[in-house]
Structure formats: structure tokens, C-alpha cells
*Asks:* 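Just passing along the structure, written as C-alpha cells.
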Amino acid sequence: MKPSTETDAVPAAVAAARAAAGWWAGLGWDGRRRALLAWKRTLAGRVEELAAQIRAETGKPHGDAVLEVMLAVEHLDWAARHARAVLRRRRVPAGLLAANQAASVGYEPLGVIGVIGPWNYPVYTPLGSISYALAAGNAVVFKPSEHTPGVGRWLAERWAEAVPGPAVFQAVTGDGETGAALCRAGVDKLAFTGSTATGRTVMAACAATLTPVVVEAGGKDALIVAADADLDAAARAAAFGGFGNAGQTCAGVERVYVERSVYEPFLDRLAELARATRPGEEPDARYGRMTTPAQAAIVAAHIGDALARGGRAVVGGPAAVRPPFVDPVVLADVPEDSLAVTEETFGPTVVVNPVRDLDEAVERANASRYGLAASVFTGSRRTAADLAARLRAGAVSVNAVLGFAAVPALPFGGVGDSGFGRIHGADGLREFSRPKSVTRQRFAAPIDLLRLDRRPAALARATRLFRLRHARG
Ligand code: NDP
């Protein structure tokens, strides 16, 4: 569906959101929870309709679209139910120096949040910001990808039906220029999900008005297979994480590092799964078309570069790219400086390289400018914990891929070129809030230093206590 460009409508949408933000904040925890759960019930009740809309715009199979909605709704439910517990004002210890104060911290909404979303998971990904921003008491203006405007409009229409009243959640459709207008529109925070390059542009635009940003950007995620791993499970996970959604998953599997002693058996298993997998138009295909024609060209370039530098195509090769589809591609022994290892491919291709040991696996996994997620397959809990601690990534899944996606209590976000800030979980709620500290003096301090006529004796006593407390031991 071609987007109707609503760039001119952005300032009015943000103004309407600002007017609605006070009403929304005023509903309080219970009122917002009721409203969010009403919206949730609408989305869940019309899951088939939403999945059809996702499928029409992205080309993904029906089951994948349904799963995406399920995951998004799980997060929406969590955000609605946990906002109060995470964000309400709570007492904190005042400490020895301020024992006469009662101290508390509370989290207030920022006001209006601009959300810019990508096309690959047009519901799950933006709702990771939208649900948490709304639950924290903000109004939201959402700019969906130009490839998925219908999904964005559908979500906003269902909101208006479920939560009639001021414009707490709106969608404005259009291309990059509409997104740029949202950056300039004076929102209180901008949550961007998309490529690293656009993330930089968004951040630069937001700098002009000192608008804070959350950047959820690309990834080049690694999966590590230890010699003691269940190789069948690891191969199944690599196939799902690499080829599922045509590889168009920010936290999907793009690189696999396998301990040399199990390299060939692992490669055989993955190759067998790849050969048995074909994309298609059918609703029950294993995966669908590339959503954008430009992406197929990038995938072809990465395959060509890997082979030109001496990598092997164990399954597929340049002929696998037959737009709009790309068949599964398994590349082996690919030099670490080739595009298929260093750049986000975002296609159904997996690079599988052998490593001497797990130290080398971690070293290579971490030698990326991206750091979104990583996976580890091992039979040892101790090894898993050790690798999870050493991997430079926002999330690590052990003996699974994308294990975090269905755990709403876990924060999600990247390191390095994968971005910064966190959506999901308690951290995701706080990301869209402003902490406010309050102290209340309960009685006059026995040693009061916060006065102009400070007594020398008080300062001497305080200094003695200070030395006792901090200068010993
Ligand atoms: P893009 O960066 O191309 O676009 C993302 C969004 O930004 C779109 O809505 C786009 O609009 C908009 N946009 C484009 N130019 C501007 C601009 N100058 N100012 C403001 N907004 C602008 O990403 P894709 O849509 O191609 O999504 C794929 C990328 O998203 C991949 O890199 C993937 O890894 C990443 N991603 C990251 C996730 C995460 O959580 N870390 C999750 C999902 C995806 P338009 O579409 O109209 O151009």
C-alpha cells in the first residue's frame, strides 16, 4: 500500500497529543491500565485481521504474523499491569547524613513520545516502545515504515475505538520526510527503531531541539556452538534464527561460530535443514518474500563478496537470490573481513565458521560494531554463564534463539551500532519517564550544616564523624 504522506499533519498530531497527554496522565494508574487492557483485548480478539494486514504489507506467512501479534500483546499486557508497581512513588533510604529527611522517588510521564518504526516486525517492534510509553502515562504519535502504513493506521483506529476521547495514540503515515518532521516537532522523546544509518540521521535531527532519543538499530548477531552442544537443537535454532522471516530479523542469527571438533557435523545438519526449506507466497510457507526489493540486492552483494574472498556456499549461492524471494544460503569458511560477516545482511543467509575454542568464538562474536543479541549452545550451565557474561550484546539466549522476545520483564536494546536505551520491562517503562526526587524534613538535624550561621562546633563534630566513617580501614 502506498503511504499517503501526512508530513504536513505532523505538527497538528503532536499538538493534539500534547492536549491529550494531560487527560491521559490524569486518568491515573487504574484508568490507564483499564484503557490499555481494552485496547489489548481488541488486538487479541482481531488477531486474524491484524495478521492479514501484516501479511499483505510484508509478505510474511500467516503463522509468523500471528506469532508477532501474540508477542506484542504479551508485552502490552505486561506494561499495562506493571506500570504502577514500577513507576509509582516509593520511599528510599535517606542515609546517615540526612536521617532527618524522608526521601522518595517517583516516575512522571515525559509528555508526548514520537515513535518511528521499521517494516520487518511492524507490530511487535514499534509496540515495544508504544505500549511502554503509553503505560508510563505519555501520549504517542507513531510514524510507521512507508512499507507498512496500513498496519500503523489499523493500530491507531483500534485504539480510537477502544479508548474514545482525546488523541492519546495517533499514527501519521509517510516516508522518511514524515519521520524527520516528527523529529522536529517538539516531542519530549523520540523512540526510533530501524537501521543504524537512519538512527544517526534521527539523532542529529533531534539534537537541534535537544530531544532525547532511544535508538534500536541493526544487528549482526552471533550464535556459538560448543563441542558439548545438542547439535540437532543448535542447527534447528540456527535455521529458524537465520532463515525465519526471510532473515529480516534485527536479532536474528547472521553468524555461527562452531568449535572445530563439531564443525562438520553441525554444518551437515544445518545444510540439510536449509535444503528442505523454501520460501513462498502461500500462507503456510516456511518464510515469505523479501519485503523490499532493495534488500534482495544487499543480500546478493554479501553472498558475492563472501565467495569472491574464498568463502564456500554449502547451500545456495548467487542463484538463491531470485527476487522477490531468496532461498536459504549457508556460507562456510568466510573471511572475517567480508561483508557477510561485518555488515547486517538482513536476508536468509548464515555464515558458519569454525573456531579453535570458545575463547576464539567470543572474540570473533564480539569483533563487531553491532551488539544486539547473541546465542550460545552448550551442555554446560557454567560454560553458558561464562559466555553470556563475556558476550558484548544486549541479550543472550542459551540453548535457544530469541529467548528474550517473549519475556516482557526483560529489557531489550543494543550496544555500539545496535543503539542505546532500553524498551520492554521495568527499564522500558522508566525509559519513557522522568524520575522526580522529593525529600521531606521530618525534624531538625542534630548536626545541621545546611545553614549560613553554621556553628564551628557542629562542623568539628561532623568532621570527626566523617573521618570515623570514611577514613578508616
Ligand atoms: P530504516 O532505517 O530504513 O527506517 C526506519 C524508520 O525510519 C522508517 O519508518 C523510515 O521511514 C524512517 N526514516 C527514514 N528516514 C528518516 C529520517 N531522515 N528521519 C526520520 N525517520 C526516517 O529501517 P528499516 O525500516 O529498513 O528497518 C530495518 C532495520 O531496522 C534493520 O537495520 C533492522 O536491524 C532494524 N531493526 C531493529 C530492531 C531493534 O529493536 N533493534 C527491530 C527491528 C528492526 P520509511 O520507511 O518511510 O523510509
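These values consider heavy atoms only, across backbone and side chains, with no hydrogens, waters or symmetry-generated copies. Remember, it's a predicted structure, so these values are computed and weren't measured experimentally. Just follow the structure's listing: the first ligand is 1, and inside any ligand the first atom is 1.
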*Asks:* Using a strict cut-off of less than 4.0 Å between a Lys/Arg side-chain nitrogen and an Asp/Glu carboxylate oxygen, indicate whether E6 and K143 qualify as a salt bridge.
*Replies:*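 No, E6 and K143 are not salt-bridged.
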*Asks:* At the 4.0 Å heavy-atom cut-off, does G174 count as touching ligand 1?
*Replies:*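 In this structure, G174 qualifies as a contact of ligand 1 - some heavy atom is under 4.0 Å.
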*Asks:* Could you say whether the N/O atoms of W119 and ligand 1 ever approach to under 3.5 Å?
*Replies:*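 Among all N and O atoms of W119, at least one is under 3.5 Å from an N or O of ligand 1.
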*Asks:* Before signing off on this row, confirm whether E146 and ligand 1 have an N or O atom pair separated by under 3.5 Å.
*Replies:*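 Min N/O separation from ligand 1 is below 3.5 Å for E146.
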*Asks:* Quick check: K143 and ligand 1, any N/O pair under 3.5 Å apart?
*Replies:*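 For ligand 1, there is an N or O atom that lies under 3.5 Å from one belonging to K143.
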*Asks:* Counting both backbone and side chain atoms, is some N or O of T193 under 3.5 Å from an N or O of ligand 1?
*Replies:*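 By distance alone, the answer is no.
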*Asks:* What I want to find out is whether E344 reaches K220 closely enough, with some N-O distance under 4.0 Å, to be called a salt bridge.
*Replies:*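 Judged by the 4.0 Å cut-off on N to carboxylate O distance, E344 and K220 do not form a salt bridge.
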*Asks:* Considering only NZ, NE, NH1 and NH2 on the basic side and carboxylate oxygens on the acidic side, decide whether R309 and D337 come within less than 4.0 Å.
*Replies:*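 Salt bridge between R309 and D337, a charged N being under 4.0 Å from a carboxylate O: yes.
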*Asks:* Assign the ring pair F404 / F412 to parallel, tilted or perpendicular, where the plane angle (0 to 90°) is split at 30° and 60°.
*Replies:*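 The rings of F404 and F412 lie parallel, inter-plane angle below 30°.
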*Asks:* Quick check: G117 and ligand 1, any N/O pair under 3.5 Å apart?
*Replies:*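 Checking ligand 1 against G117, an N or O pair does fall under 3.5 Å apart.
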*Asks:* Using a plain distance cutoff, I'd like to know if H147 has any nitrogen or oxygen under 3.5 Å from a nitrogen or oxygen of ligand 1.
*Replies:*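 N/O-N/O distance below 3.5 Å does not exist for this pair.
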*Asks:* Under 3.5 Å, N or O to N or O, is A217 touching ligand 1 that way?
*Replies:*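 Yes, A217 has an N/O under 3.5 Å of an N/O on ligand 1.
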*Asks:* So for P144, does at least one of its heavy atoms come nearer than 4.0 angstrom to any atom of ligand 1?
*Replies:*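 Yes, P144 has a heavy atom closer than 4.0 Å to ligand 1.
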*Asks:* Does the ring centre of W24 sit less than 6.0 Å away from the ring centre of W159?
*Replies:*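 Yes; W24 has its ring centre under 6.0 Å from that of W159.
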*Asks:* Do D386 and R390 meet the salt-bridge criterion of a basic N to acidic O distance under 4.0 Å?
*Replies:*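 Yes.
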*Asks:* For the residue pair F169 and F142, does the interplanar ring angle fall in the parallel (under 30°), tilted (30 to 60°) or perpendicular (over 60°) class?
*Replies:*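 Aromatic pair F169/F142 classed parallel.
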*Asks:* Using a plain distance cutoff, I'd like to know if T198 has any nitrogen or oxygen under 3.5 Å from a nitrogen or oxygen of ligand 1.
*Replies:*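 Between T198 and ligand 1, an N or O pair is found under 3.5 Å apart.
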*Asks:* Is any N or O atom of S195, backbone or side chain, closer than 3.5 Å to an N or O atom of ligand 1?
*Replies:*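 So ligand 1 has an N or O lying under 3.5 Å from an N or O of S195.
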